[in-house]
Peer 1: 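Once you've had a glance at the structure underneath, I'll fire off some questions.
Just so it is clear, the values below take in all heavy atoms, side chains as well, and ignore hydrogens, waters and symmetry mates. Chain naming here is simple, since letters A, B, ... match the order of the sequence lines and numbering starts at 1 in each.
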Amino acid sequence: MSDAAERETEDKTPRQQDEAPREPVRHLYLVDGSGYIFRAYHKLPPTMTRADGTPTHAAYGFTNMLLKLLRDIGARDAIAVIFDADGKSFRADIYPEYKANRPELPEDLAPQFPIVRDAVRAMNIACIEEPGYEADDLIASYARRAEEAGAKVTVISSDKDLMQLIRPGVEMMDPMDGRIIGPEDVEKKFGVEPGKVIDVQALWGDSVDNVPGVPGIGQKIAAELIQQYGDLENLLSHAEEIKQKKRRENLIEFAEQARISRELVRLHDDMELDHCLEDLRAHEPEPDKLRAFLEENGFKSIATRLGLDDGAQQVAAPETAEAAYELVQDMDRLRAWIDEATRQGIVAVDVETTSLDAMAAELVGVSMATAPGRACYIPLAHKGEGDGSLDFDGKGGAPEQVPFEAALDALRPMLADPGVLKIGQNIKYDCVVLGHHGVEVTPIDDTMLLSYVLEAGKHGHGMDELARLFLDHETIPYKDVAGSGKSQVTFDRVPLDKALDYAAEDADVTFRLHALLKPRLLQERMVTVYETLERPLSPVLSRMERNGIKVDPGVLRRMSQDFAQRMAELEEKIYELAGERFTIGSPKQLGEILFEKMSLQGGRKGKSGAYSTDADVLQTLAAQGHDLPARVLDWRQIQKLKSTYTDALQDYINPRTKRVHTSFQQAVASTGRLSSSDPNLQNIPIRTEEGRKIRQAFVAEEGNTLLSVDYSQIELRLAAHMADEESLKKAFRDDLDIHAMTASEVFGVPLEGMDPSVRRSAKAINFGIIYGISPYGLAQNLGIDQGAARDYIKLYFERYPAIKGYMDEKKRSAVDDGFVETMFGRRIYLPEIKSKVPGRRSFSERAAINAPIQGSAADIIKRAMIRVLPALEDAGLGARLLLQVHDELLFEVPEAEVEATTRLVREVMENAAAPVVDLSVPLVAEAGTGRSWAEAH
DNA sequence: AACGTCCCGTAC
DNA sequence: GACGTACGGGACGTTA
């Protein structure tokens, strides 16, 4: 018999209204009924059933747990079991999806809920629920009421949603082991004090209850943010300040969702309550009632234990609604689509392949759109599903498709028809792939380039982003059709119905984007940039990518081997010096070795509070005579060269062409520059002796020579022109050493016998000008203090006042217009130029200075690239353009034509600004040739 | 397992 | 905090 029961039994007083006032309730126990029953359900094996077959194991466990609890509480205690009422709670009104994807109750649990309610009543315990509210709200409200009455509260549950209630006077208890869950446990789970739990949950969300939260933010980050900003509202109003781009954007975009989430998890403690504290006071169970319950459910062992056994025998036991996409599987339908495209004179085209790498990709299918919502997909090389093996009913076989070559033959005339405009999103990719099959695609329009020209700096230009932005449409994620991770398949294994949805959507979206964006060229005066720069450049880049460059794998392999050996030696030495083995490549571990174990001086920096171990820091330490940092510097250099270049490049050699085919990105860099990836051939080392050797692996085909032609100081020249800085312009016209001259002007030293360090300083300032100089940056660069750097800049501006004027003007116009322009009219938007966060604003200000300069140079070399191919052709020269590296063009030239080609290329490059821009400074292009890129540059 | 971020380093 | 534009590798932490 329980203690409570004994006490009650001893005084033998039946409960009566007129009984003398008892001492007030001092402690209220609130049992989270659902949580309780779930715990019981999962803890016990599902073996028990009632005589009628109803499963009872959860109810049994529940009854046991509740009896145990009842035994442990006293006469001055109150107790209630709270359940969720059936039906939707008010939270579903705030957020319809709330608990929407909650799985159905297990089949063997649902029928146990009525039993459990009976159990509670049989024990003479109040059983409370309230339609429209959840148990948690009732618990919160009763806890509040008890607290106001001066009673302590224990909530029996381990549900994290209740943890927000923990405060002095309100504790939680784990129903399984009786452990008290205190503020420390909450801290452990949420990373914040209980009072801030709901703010954390608002960000974190809850997949079980379908509370959305903010994407990409989990417990860890949520706690960090709430710690820092105090609460959700304050965080949201300072969301702008968050450093991490993705996180910042999500916080802004999903701010309302976070508020709703907070509202969803916030418990209401102000409900009207049906019971006062006294009503809930613990009573002795009424034996008859309890016995009846136990018997009915076959809980014989409990009855026996409680002495209630009367000997009775029991048995123990998609959105694409408007679009009509067509799957084209026969020649007739294909011809019909081709005819329609030809009649219309405009068609959006998209190819599906097996790879993102255009040169390695196998063509799998083609989609077309001829009007918004009107699109088709023509599968050409789809295989059966699964692993391709045939199963006995033949399902693994390839689906019905138009024969590959026949389809291409049918498409070819339309794709090359000058009267039919082919629209693509990043159509260069499609051109390269189709180019393999001897299919020329012309003329073209590219929605990615349209967006790039119209909105550079505002956002990216990938199709998903454009669809979202301009069409308010979410495209089907690739992983939804092809899977991801281990289960990912190539597109030729995607079932045709899915392939149709995906591929036709791409063409459809492209068509719609084009209809939206193309007219804006004229309205926004961007026709020229698009028509004379980006659009004609696209086929040039296609050509370059298909050309590729020959890379000698033997050279790379030998270098990799050499590097591996040297790294191993250095590692030995480094471990010896450190006195332990560690991951040298981990800045964190290295920092700990250097600054903690060896206690070298070098302090912290960086926002994460980690030690910086960059080359600057290591250099300084090495200069103080420390061997370890010096070795790590060597190790780092070799590791970089090996992993990024000599190892990685070998993997990029196309087995078919034996060449490396980079991909040029035409719509990535906001200034108008190109970028190169997979592999990036625009950052092959050159500055150090060791690194430069990698260029020896880039070689000309037999009988050819590499020709490198690069612009000399093009950005500084353009800066001089644009700022109209007469003295600089004159220096360029006189072909002076510009850095030496700057040194002479700024520091007042004679050109003759100039100290190289003085010239180096001037060079750093000149570079700083292009980047939108700051005293910090210059100081960093020159290894001087900021004061000195500030003086240099001041001196520089005094000598070149027009430069200063140019910078101020750019900043001003950027603020006024929201964008800056290159000499050729390319616009670069600077959406953060008015930001109230100083760091971001100054970032935009520097970009406002740099973008017109860098962008104008980019325009010029693009013009040269566009012109040089027909010029070579006209001259009957066989040179092929292989690479562009911002101010350099690299050609592969038949040996006999080197001289003529050099002359022609220099000519084209030096006059590339004309006739649109009449430069007041000369452009100079310098040429070099050799068997390898190392020799040619 | 996939992703994002950080740190670092390469190019112009 | 921290000079412009990129890409990428490795470490690491978080999310799911």
Side-chain angles (χ1 to χ4, degrees), chain A residues 204-205 207 213 215-222 224 243-247 250 479 484-488 583-591 605-608 610-618 633 636-637 639-645 647-648 662-663 665 668-688 691-692 694-695 710-711 713-715 764-765 767-782 786 789 793 828 837-840 842-855 857-858 861 884-888:
Chain A
W204 183 6
S207 56
I217 293 184
Q219 183 268 325
K220 196 89 171 187
I221 301 301
E224 220 168 81
K243 296 259 187 299
Q244 296 78 3
K245 187 167 184 298
K246 196 88 211 151
R247 197 171 295 164
N250 282 340
K479 62 176 194 320
S484 64
K486 224 177 63 167
S487 63
Q488 168 134 27
T583 308
I584 304 171
S586 161
K588 184 163 170 283
Q589 291 184 35
L590 177 62
K605 63 176 186 184
K607 50 227 144 198
S608 52
Y611 297 109
S612 169
T613 65
D614 65 19
D616 246 18
V617 171
L618 298 186
L633 276 170
R636 280 236 185 108
Q637 189 193 13
Q639 150 77 20
K640 173 75 174 177
L641 294 175
K642 182 170 186 292
S643 65
T644 311
Y645 301 106
D647 285 353
T662 184
S663 174
Q665 310 308 127
V668 168
S670 61
T671 54
R673 270 191 180 182
L674 299 177
S675 73
S676 155
S677 67
D678 311 290
N680 181 356
L681 295 185
Q682 290 182 321
N683 72 347
I684 303 300
I686 191 167
R687 290 172 186 178
T688 68
R692 184 190 287 250
I694 289 167
R695 294 189 175 220
D710 69 284
Y711 284 112
Q713 307 287 4
I714 185 170
E715 292 189 355
I765 300 177
F767 272 105
I769 293 303
I770 293 166
Y771 298 153
I773 202 161
S774 76
Y776 172 85
L778 184 63
Q780 192 80 1
N781 210 317
L782 286 174
Q786 276 191 55
I793 293 168
I828 296 102
V837 184
R840 295 229 207 131
S842 37
F843 198 77
S844 288
E845 287 173 356
R846 291 191 291 271
I849 293 163
N850 171 260
I853 301 170
Q854 188 183 111
I861 197 166
Q884 186 252 45
V885 192
H886 309 307
D887 66 355
E888 172 190 6

Peer 1: Which one, C/dT14, B/dA11, B/dG9, comes nearest to the side chain of A/Ile686?
Peer 2: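 Among C/dT14, B/dA11, B/dG9, the one nearest the side chain of A/Ile686 is B/dA11.
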Peer 1: Quick one: does A/Ile770's side chain get under 4.5 Å of A/Asn850's, heavy atoms only?
Peer 2: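 Result yes, sub-4.5 Å side-chain heavy-atom pair found.
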Peer 1: Looking for any heavy atom pair under 4.0 Å, which part of the strands does A/Phe767 touch: base, sugar-phosphate only, or nothing?
Peer 2: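 Here A/Phe767 touches no strand at all.
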Peer 1: Considering only C/dT15, C/dA2, B/dT10, which nucleotide approaches the side chain of A/Gln786 most closely?
Peer 2: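 So the nucleotide nearest the side chain must be C/dA2.
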Peer 1: With distance as the sole test, does A/Arg695 use its side chain to make a donor-acceptor pair with the main-chain N or O of A/Ile684 at under 3.5 Å?
Peer 2: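 Yes, the answer is positive, given that a donor and an acceptor are paired below the 3.5 Å cut-off.
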Peer 1: Taking atom CD of A/Gln219 and atom CD of A/Glu224, what is their separation to the nearest 0.5 Å?
Peer 2: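 Answer for the CD-CD pair, A/Gln219 versus A/Glu224, is 10.0 Å.
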Peer 1: When all nucleic acid strands are considered with a 4.0 Å heavy-atom cut-off, which category describes A/Ile770: base, sugar-phosphate, or nothing?
Peer 2: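 Result for A/Ile770 = nothing.
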Peer 1: Are the side chains of A/Lys246 and A/Asn250 in touch, meaning some heavy atoms are under 4.5 Å apart?
Peer 2: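 Contact flag for A/Lys246/A/Asn250 side chains = yes.
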Peer 1: Under the side-chain hydrogen bond (donor to acceptor under 3.5 Å, both in side chains) test, which residues partner A/Ser670, sequence neighbours left out?
Peer 2: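 With neighbours one apart ignored, the set is empty.
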Peer 1: A/Thr671: which residues meet the side-chain hydrogen bond (donor to acceptor under 3.5 Å, both in side chains) condition with it, sequence neighbours left out?
Peer 2: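 For A/Thr671 the side-chain hydrogen bond (donor to acceptor under 3.5 Å, both in side chains) partners, ignoring immediate neighbours, are A/Gln854.
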Peer 1: Between C/dG4, B/dC12, B/dT10, which nucleotide gets closest to the side-chain atoms of A/Asn683?
Peer 2: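 Among the listed nucleotides, the one closest to the side chain of A/Asn683 is B/dT10.
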Peer 1: So which nucleotide from C/dA2, C/dG4, C/dC7 ends up closest to the side chain of A/Ala847?
Peer 2: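 Given the options C/dA2, C/dG4, C/dC7, the side chain of A/Ala847 is closest to C/dG4.
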Peer 1: From the list B/dG9, C/dG4, B/dC12, which nucleotide is the closest neighbour of the side chain of A/Asp614?
Peer 2: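 Nearest nucleotide to the side chain: B/dG9.
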Peer 1: Can you name the closest pair of heavy atoms from A/Ile773 and A/Ile765 and give their distance?
Peer 2: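 Looking at all heavy atoms of both residues, the shortest contact is CD1-O, 4.1 Å.
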Peer 1: The side chain of A/Asp887 lies closest to which of these nucleotides: B/dC12, C/dC7, C/dG4?
Peer 2: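 Of the candidates, B/dC12 comes closest.
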Peer 1: At 10 degrees resolution, what angle do the end axes of the helix from B/dA1-C/dT15 to B/dC12-C/dG4 form when each is taken over five base pairs?
Peer 2: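 So the angle between the two local helix axes works out to 0°.
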Peer 1: Taking atom C1' in both C/dC3 and B/dT5, what distance in whole Å separates the two?
Peer 2: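 To the nearest whole Å, 23 Å.
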Peer 1: Enumerate the protein-to-nucleotides 2-5 of chain B contacts in which both atoms are nitrogen or oxygen and the separation is below 3.5 Å.
Peer 2:
residue, atom, partner, partner atom, Å
B/dA2, OP1, A/Gly485, N, 3.0

Peer 1: Please determine if a side-chain N or O atom of A/Arg687 lies less than 4.0 Å away from the OP1 or OP2 oxygen of B/dA11.
Peer 2: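 Looking at the OP1 and OP2 atoms of B/dA11, one of them is under 4.0 Å from a side-chain N or O of A/Arg687.
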Peer 1: Can you tell which of C/dT14, C/dC3, C/dC7 lies closest to the side chain of A/Asn781?
Peer 2: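 The closest nucleotide is C/dC3.
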Peer 1: Look at the side chain of A/Ser586 and the backbone N and O of A/Gln589, then say whether any donor-acceptor pair between them is shorter than 3.5 Å.
Peer 2: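 Yes.
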Peer 1: Within less than 4.0 Å of OP1 or OP2 of B/dA11, is there a side-chain N or O belonging to A/Ser676?
Peer 2: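 Answer is no, no contact under 4.0 Å.
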Peer 1: Can you tell me if the side-chain N/O atoms of A/Ser774 get under 4.0 Å from OP1 or OP2 in C/dA2?
Peer 2: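 So the side chain of A/Ser774 is outside the cut-off, no N or O lying under 4.0 Å from OP1 or OP2 of C/dA2.
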Peer 1: Can you name the residues that form a side-chain hydrogen bond (donor to acceptor under 3.5 Å, both in side chains) with A/Arg846, not counting sequence neighbours?
Peer 2: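 Partners of A/Arg846 by the side-chain hydrogen bond (donor to acceptor under 3.5 Å, both in side chains) criterion come out as none, since no residue qualifies.
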Peer 1: Using a 3.5 Å distance criterion without hydrogens, assess whether the side chain of A/Ser842 forms a donor-acceptor pair with backbone atoms of A/Gly839.
Peer 2: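 Yes; judged by distance alone, with no hydrogens or angles, the pair exists.
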Peer 1: Check this one for me: any side-chain N or O of A/Arg846 less than 4.0 Å away from OP1 or OP2 of C/dG4?
Peer 2: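 Answer is yes, contact under 4.0 Å.
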Peer 1: Give one of base, sugar-phosphate or nothing for A/Glu888, where a contact means two heavy atoms less than 4.0 Å apart.
Peer 2: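 Nothing, no nucleic acid heavy atom in range.
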Peer 1: Of the options B/dT10, C/dC3, B/dA11, whose atoms approach the side-chain atoms of A/Arg695 most closely?
Peer 2: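 Of B/dT10, C/dC3, B/dA11, B/dA11 is nearest to the side chain of A/Arg695.
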Peer 1: Looking only at N and O atoms, is any donor in the side chain of A/Arg636 or the base of B/dC8 less than 3.5 Å from an acceptor on the other one?
Peer 2: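 Per atom types, no contact qualifies.
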Peer 1: Might you point out which heavy atoms bring A/Ala615 and A/Arg636 nearest each other, and give the distance in Å?
Peer 2: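 Shortest heavy-atom separation between A/Ala615 and A/Arg636 comes out as N-NH1, 4.3 Å.
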Peer 1: May I ask you to say what A/Ile221 touches in the nucleic acid, namely base, sugar-phosphate or nothing, with a heavy-atom cut-off under 4.0 Å?
Peer 2: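 The answer is sugar-phosphate, as A/Ile221 gets under 4.0 Å only of primed atoms, P, OP1 or OP2.
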Peer 1: Could you go through the side-chain contact (heavy atoms from CB on, under 4.5 Å) check for A/Thr662 and A/Gln682 one step at a time?
Peer 2: CA-CA 10 Å; A/Thr662 184; A/Gln682 290 182 321; over 6 Å; no
Peer 1: Measure from the side-chain heavy atoms of A/Asp678 and tell me the nearest of C/dG4, C/dG8, C/dT14.
Peer 2: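 Of all the options, the side chain of A/Asp678 is nearest to C/dG8.
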Peer 1: Just call it for A/Leu778: base, sugar-phosphate, or nothing, with non-hydrogen atoms closer than 4.0 Å on any strand.
Peer 2: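 The residue A/Leu778 makes base contact.
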Peer 1: Find the distance between CG (A/Asp614) and CG (A/Leu633) and round it off to the nearest 0.5 Å.
Peer 2: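 Result: 9.5 Å between the selected atoms.
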Peer 1: Taking OP1 and OP2 of B/dC8, is either one under 4.0 Å from a side-chain nitrogen or oxygen of A/Ser612?
Peer 2: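 Checking A/Ser612 against B/dC8: at least one side-chain N or O falls below 4.0 Å of OP1 or OP2.
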Peer 1: Might you list the N or O atoms of the protein lying below 3.5 Å from N or O atoms in nucleotides 9-12 of chain C, with each pair's distance?
Peer 2:
residue, atom, partner, partner atom, Å
C/dA11, O3', A/Ser586, OG, 3.4
C/dC12, OP1, A/Ser586, OG, 2.7
C/dC12, OP1, A/Gln589, NE2, 3.3

